[in-house]
Amino acid sequence: MDERLRRWRLVLGGGEADGTGCALGAGDAAMDGALAALYGGQGGRPGGREGGLGASAPHVARWLGDIRTYFPSTVVQVMQKDAIERLNLARLLLEPEMLEAVEPDVHLVGTLLALNRVMPDQARESARAVVAAVVRQLERRLAQKTRAAVTGALDRSARTHRPRRVADIDWDRTIRANLKNYLPEKNTVVPSRLVGYARRQRAVQREVVLCIDQSGSMAASVVYSSVFGAVLASMRSLRTSLVVFDTAVVDLTDQLHDPVELLFGTQLGGGTDINRAIAYSQGLITRPTESIFILISDLYEGGVRQEMLRRVAAMTQAGVQVIVLLALSDEGAPFYDHENAAALAAMGVPAFACTPDAFPDLMAAAIERRSIARWAERQGALSAPLPGGPGGEAGTTGPG
């Protein structure tokens with residue numbers, strides 16, 4: 001069979017009107033059946049596919065097993081997401097046999113977390129296994145890069161020309177900085193200045209507060225933020241706090257050692273009171289000039305807007321490095337409150353979306369106290385124009 005005709009037959013779904021005249025073998029017929037169950041029937045053309053997954057969790061589980069057999073994981077994730085949205089399968093995610101067959105991804109985790117409070121006990125362990133698998137994937141992808149970026153930024157920000165001890169001298173940079181003082185007859189370099197580190201202690205150098213909007217639209221951001229929070233909390237040079245909020249505020253800092261447990265402590269959905277969350281977060285900051293406050297929210301405020309803006313202004317005036325992320329995900333340009341984003345930009349606090357791969361570099365920029373507005377501008381991710389300068393539409397930062 002001509003390969004192009006075969007592919008067109010799978011796309012068109014069969015029937016007299018598809019025009020290919022191709023019959024499918026057993027393997028292709030099974031693949032076509034998996035596609036028909038999701039994309040056939042409703043809205044299809046006459047003579048095309050008919051199908052559906054019905055209301056049977058075992059049927060769904062078998063379908064999930066089929067698509068994992070016939071399609072690569074990236075396609076499987078798209079089909080799972082489409083199935084949840086097109087066929088209203090969210091309630092079937094509560095069935096353990098379906099969870100055991102599912103291909104774990106961030107979107108599925110978000111759905112499970114949204115259903116967490118209504119999940120029957122027999123499904124909870126299966127759901128936890130799915131969440132744990134996704135967390136492990138994200139940690140493998142992001143943890144090492146984050147630790148390297150943060151450690152390097154701390155080293156650079158702590159560099160000094162007056163190291164207190166020999167152990168604090170960076171000999172490589174010291175030699176390079178003094179090459180002009182090389183004495184050929186002595187075969188040595190005489191340093192006129194030293195380059196080293198201002199710290200060799202285990203003391204906390206930065207305070208980081210992650211304040212995460214857990215409204216339903218922020219599901220992927222909640223997942224990524226929790227993983228990043230756990231990674232940052234594992235670093236002794238940082239004191240990391242993590243707060244989630246809707247109309248109430250919950251401090252999950254004591255669960256940062258276990259991102260899976262942390263995620264199950266969230267409750268996706270509900271309203272939003274950003275002002276209350278910022279007020280709580282202010283109380284966690286003990287050293288403003290050495291603190292980074294990261295608000296992850298679409299900025300749709302259900303609380304007191306002017307008070308929210310006043311608190312952000314007070315934090316920046318106190319020396320806190322304030323960063324507002326409209327999303328921390330791979331999903332592209334987010335929906336957000338343009339008026340609040342513009343008000344923050346007018347105060348010098350840019351609001352923009354960031355991909356997980358770009359977040360480590362963002363943290364490095366914040367630790368080194370580089371301009372976050374300029375960093376975001378170079379990424380093409382600003383949601384509102386900077387005062388006195390060019391701006392751009394909201395976007396998502398790439399890996400720079």
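What's counted below: heavy atoms across the whole structure, side chains too, no hydrogens, waters or symmetry copies. It should be emphasised that the depicted structure is a prediction, and the values quoted were computed from it without experimental measurement.
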Trainee: Taking Trp375 for the side chain and Ala365 for the main chain, is one N or O donor matched with an acceptor at less than 3.5 Å?
Mentor: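 Side chain of Trp375 to backbone of Ala365: no pair is present.
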Trainee: If I compare all heavy atoms of Val244 with all of Leu252, which pair ends up nearest, and what's the gap?
Mentor: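 Minimum heavy-atom separation between Val244 and Leu252: CG2-CD1, 3.8 Å.
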Trainee: What I want to check is whether the side chains of Thr286 and Glu207 have a donor and an acceptor closer together than 3.5 Å.
Mentor: yes
Trainee: If you measure from the Lys or Arg side-chain nitrogens to the Asp or Glu carboxylate oxygens, is any gap between Arg141 and Asp330 under 4.0 Å?
Mentor: yes
Trainee: Over all heavy atoms of both residues, which pair between Val322 and Met315 is shortest? Give the atoms and the distance, please.
Mentor: CG2-CB, 4.0 Å
Trainee: With side chains defined as the heavy atoms from C-beta onward, is the minimum distance between Leu242 and Ile212 less than 4.5 Å?
Mentor: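 Leu242 reaches Ile212 side chain to side chain.
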Trainee: Counting C-beta onward and ignoring hydrogens, is there a side-chain heavy-atom pair between Val208 and Met363 closer than 4.5 Å?
Mentor: yes
Trainee: Same cluster for Val78 and Leu35 if Ile/Leu/Val/Met/Phe/Trp/Tyr side chains link at under 4.5 Å?
Mentor: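 Cluster IDs for Val78 and Leu35 differ.
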Trainee: Checking Lys145 side chain against Asp357 main chain: does a donor-acceptor pair fall under 3.5 Å?
Mentor: yes
Trainee: Using a distance-only test with no angle check, is there a side-chain donor-acceptor pair under 3.5 angstrom linking Ser241 and Asp251?
Mentor: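 No, Asp251 and Ser241 have no side-chain donor paired with an acceptor closer than 3.5 Å.
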Trainee: Side-chain contact test, heavy atoms from C-beta onward, threshold under 4.5 Å: evaluate it for Leu295 versus Ile323 and give yes or no.
Mentor: no
Trainee: So do the side chains of Trp63 and Met79 get within less than 4.5 Å of each other, counting heavy atoms only?
Mentor: yes
Trainee: If you measure only the distance, is there a donor-acceptor pair under 3.5 Å linking the side chains of Asn275 and Glu307?
Mentor: no
Trainee: Check the pair Leu362 / Ile294 against side chain to side chain contact (heavy atoms under 4.5 Å, CB included), numbers first and verdict last.
Mentor: CA-CA 11 Å; Leu362 172 62; Ile294 304 175; 5.9 Å; no
Trainee: Going by heavy atoms in the side chains, are Phe293 and Ile278 under 4.5 Å from each other?
Mentor: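 Side-chain contact under 4.5 Å: yes.
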Trainee: Strictly distance-based, threshold 3.5 Å: is any side-chain N or O of Ser225 a donor or acceptor partner for the main-chain N or O of Val222?
Mentor: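 Between the backbone of Val222 and the side chain of Ser225 there is no qualifying donor-acceptor contact (under 3.5 Å).
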Trainee: Whether the side chain of Thr151 engages the backbone of Ala148 through a donor-acceptor N/O pair (distance < 3.5 Å, no angle test) should be reported.
Mentor: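 Flag not set: sc Thr151 to bb Ala148 has no pair under 3.5 Å.
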Trainee: Inspect the surroundings of CZ in Arg276 and state if more than 12 heavy atoms from other residues, nucleotides or ligands are less than 6.0 Å away.
Mentor: no
Trainee: Does CD belonging to Glu339 count more than 12 external heavy atoms closer than 6.0 Å?
Mentor: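 Result for CD/Glu339: open.
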Trainee: Could you check if a side-chain atom of Leu309 sits within less than 4.5 angstrom of a side-chain atom of Leu344, using non-hydrogen atoms only?
Mentor: yes
Trainee: Evaluate the side-chain proximity of Arg147 to Ser234: yes if any heavy-atom separation is below 4.5 Å, no if none is.
Mentor: yes
Trainee: Side chain to side chain donor-acceptor pair (under 3.5 Å), that's the test. Do Arg124 and Asn116 meet it? Break it down for me.
Mentor: CA-CA 8 Å; Arg124 194 170 299 278; Asn116 183 27; 2.7 Å; yes
Trainee: Hey, does Val109 have a side-chain heavy atom less than 4.5 Å from the side chain of Pro104?
Mentor: no
Trainee: Ring centres under 6.0 Å, that's the criterion: do Phe228 and Phe359 meet it?
Mentor: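 Yes, the ring of Phe228 comes within the 6.0 Å limit of the ring of Phe359, centre to centre.
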Trainee: What heavy-atom pair brings Ala149 and Ala364 nearest, and what distance separates the two atoms?
Mentor: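 That would be O-CB, 3.8 Å.
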Trainee: State plainly whether one hydrophobic cluster holds both Met308 and Tyr300, where clusters connect Ile, Leu, Val, Met, Phe, Trp and Tyr through side-chain heavy atoms under 4.5 angstrom apart.
Mentor: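 In one cluster: no.
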Trainee: Minimum heavy-atom separation for Thr240 and Thr253, please, with both atom names.
Mentor: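 So the minimum-distance heavy-atom pair works out to O-CG2, 3.5 Å.
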Trainee: Going through the checks in order, is the side chain to side chain contact (heavy atoms under 4.5 Å, CB included) test met by Glu290 and Gln205?
Mentor: CA-CA 7 Å; Glu290 298 176 5; Gln205 298 179 65; over 6 Å; no
Trainee: Arg136 and Glu139: salt bridge (Lys or Arg N to Asp or Glu O under 4.0 Å), yes or no, with the steps?
Mentor: CA-CA 5 Å; Arg136 286 193 299 271; Glu139 286 180 327; over 6 Å; no
Trainee: Give a yes or no on whether Phe335 atom CZ has more than 12 heavy-atom contacts from other residues, nucleotides or ligands under 6.0 Å away.
Mentor: no
Trainee: If Ile, Leu, Val, Met, Phe, Trp and Tyr residues are connected whenever their side-chain heavy atoms lie under 4.5 Å apart, and connections chain through other members, are Met347 and Tyr336 in the same group?
Mentor: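 In one cluster with Met347: Tyr336, yes.
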Trainee: I'd like to know if the side chain of Glu301 and the backbone of Gly303 have a donor-acceptor N/O pair within less than 3.5 Å.
Mentor: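 It does hold such a pair.
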